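Some notes on the structure that comes next.
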Amino acid sequence: MAVTLEEAPWLGWTLVKALMRFAVMVASNLVAIPSYICYVIILQPLRLLDSKSFWYIEGIMYKWLLGIVASWGWYAGYTVMEWGDDIEAVSKDEAVMLVNHQATGDVCTLMMCLQNKGLVVAQMMWLMDHIFKYTNFGIVSLIHGDFFIRQGKSHRDQQLLLLKKHLENNYRSRDRKWIVLFPEGGFLRKRRETSQAFAEKNNLPFLKHVTLPRIGATKIILSALVARQENGSPAGGDAKELDSKSKGLQWIIDTTIAYPKAEPIDIQTWILAYRKPTVTHVHYRIFPIKDVPLETDDLSDWLYQRFIEKEDLLSHFYETGAFPPPKGHKEAVSREMTLSNMWIFLIQSFAFLSGYMWYNVIQYFYHCLF
């Protein structure tokens, strides 16, 4: 498409800005990620002496790294408006977020809107596609204890066994509290046709804005993390304190991400900011774990119902520009999510100062040895 004279200055500035942002991103990665790794290495004695304190410090650094990623979108004008339940009220409890998946920018959006929810990001475990293991952030996620899942029928059973083992070995030993899961198993544009064919074959609702979720990972997470009372029922939500140290998983947070005009943001846009500023809308609905069935068939029905509700939420949003009000209310209330510019400046400064410090430390030892 030809560029008009009126558009040329804007296009030129967008290109220059994208190059500058990319340079800053590369510089941030070159100092922040190696610094994180160096701190983790130097703190290994603390891990042996006081594992809880080690993983607390690691979690704080992990949150700062995700805060840097969030700041790229924040300064590009890619902000977030939140709707529905206030998830900060359960930020100290164990919870699973079930999120619809449209593009790589979904992860960045969550990194942003969870930054101001206490220690949620520091104590969070992500389940993400195995391809992310090979990105620049992969080493950080491996250290933090995120789980990389390989898609495809041939890998499914093995991956679920690995997920169960991973949760047993890493979740509570590292004091994790929240898990982020994309039950659709892939991007909307890639799975929609297959999902609609499956729905037609099995007499299930025809969905356009989401796909039917897969139950495997959700079932593994619930079976591994839900604490049970003596009568065998799940404990959580408003249940009484258990005798065990952990009350177990207490909440399911059904999270729906909506982009204006159904045009999702990908990670390239998040980094380069060649798209004009936009507001992403995130809707939360909190379910106590005691209201979630754990048997396979009932859980499958429950999970399908959540995504049918997501379809209705998104249809309403795309028609009106807002999510519908909750039952018993006449109007839906949104909350603008904000990041502190001072806090972003401090964590960015810490990253660059740390990079400078570790460079000098490594250079000193190199000259001593050689």
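Worth saying up front: this structure is predicted, and the values here are computed from it rather than measured.
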Is [X] salt-bridged to [Y], going by a charged N under 4.0 Å from an acidic O?
| X | Y | result |
| --- | --- | --- |
| Asp254 | Lys310 | yes |
| Lys117 | Glu82 | yes |
| Glu168 | Lys165 | no |

Is it the case that the side chain of [X] and the backbone of [Y] share a donor-acceptor pair, with hydrogens and angles ignored and the cut-off at 3.5 Å?
| X | Y | answer |
| --- | --- | --- |
| Asn203 | Ala199 | no |
| Ser195 | Glu193 | no |
| Asn202 | Leu204 | no |
| Gln196 | Leu207 | yes |
| Lys208 | Glu311 | no |
| Glu94 | Lys177 | no |
| Ser35 | Val31 | yes |
| Asp86 | Glu88 | yes |

Using the six-membered ring wherever Trp is involved, compare the ring planes of [X] and [Y] and label them parallel, tilted or perpendicular (cut-offs 30° and 60°).
| X | Y | result |
| --- | --- | --- |
| Tyr62 | Phe137 | tilted |
| Phe187 | His101 | perpendicular |
| Phe323 | His281 | perpendicular |
| Phe370 | Tyr366 | tilted |

Are a donor atom and an acceptor atom from the side chains of [X] and [Y] found within less than 3.5 Å of each other?
| X | Y | answer |
| --- | --- | --- |
| Glu184 | Asn100 | no |
| Thr278 | Tyr259 | no |
| Glu58 | Tyr39 | no |
| Asp175 | Trp55 | no |
| Asp266 | Thr269 | yes |

(message) Quick check on side chain to side chain contact (heavy atoms under 4.5 Å, CB included): which of Asp106, Leu98, Leu127 does Phe182 satisfy it with?
(response)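 Considering Asp106, Leu98, Leu127, a side chain to side chain contact (heavy atoms under 4.5 Å, CB included) with Phe182 is found only for Asp106.
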(request) Output the rest of the hydrophobic cluster of Leu49: all Ile, Leu, Val, Met, Phe, Trp and Tyr residues reachable through side-chain heavy-atom contacts under 4.5 Å, sorted by chain and number. (result) none
(request) Answer yes or no: are there more than 12 heavy-atom neighbours, outside Ile42 itself, under 6.0 Å from its atom CD1? (result) no
(request) Check step by step if side-chain contact (heavy atoms from CB on, under 4.5 Å) holds for Val140 and Leu65. (result) CA-CA 9 Å; Val140 175; Leu65 287 176; 3.7 Å; yes
(request) Would you check, one step at a time, whether the test side-chain contact (heavy atoms from CB on, under 4.5 Å) holds for Arg21 with Ile271? (result) CA-CA 7 Å; Arg21 286 175 59 87; Ile271 293 170; 5.6 Å; no
(message) Tell me the closest heavy-atom pair linking Met128 and Phe132, and the distance in Å.
(response)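 Distance-wise, the nearest heavy atoms are SD-CB, 3.7 Å.
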(message) Before you tell me yes or no, could you show the steps for Gln268 and Thr104 under side-chain contact (heavy atoms from CB on, under 4.5 Å), namely the whole-Å CA-CA distance, both residues' side-chain angles and the distance that decides it to 0.1 Å?
(response) CA-CA 9 Å; Gln268 298 96 313; Thr104 49; 4.2 Å; yes
(message) Checking Arg174 now: which residues fulfil salt bridge (Lys or Arg N to Asp or Glu O under 4.0 Å) with it, not counting sequence neighbours?
(response)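 For Arg174, no residue satisfies salt bridge (Lys or Arg N to Asp or Glu O under 4.0 Å) once neighbours in sequence are set aside.
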(message) Would Arg176 and Trp178 count as a cation-pi pair here, with the cationic atom under 6.0 angstrom from the ring centre and within 45° of the axis?
(response) no
(message) Using ring centroids (six-membered ring only for Trp), state whether Trp72 and Tyr78 fall under 6.0 Å.
(response)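 So the answer is no for these two rings.
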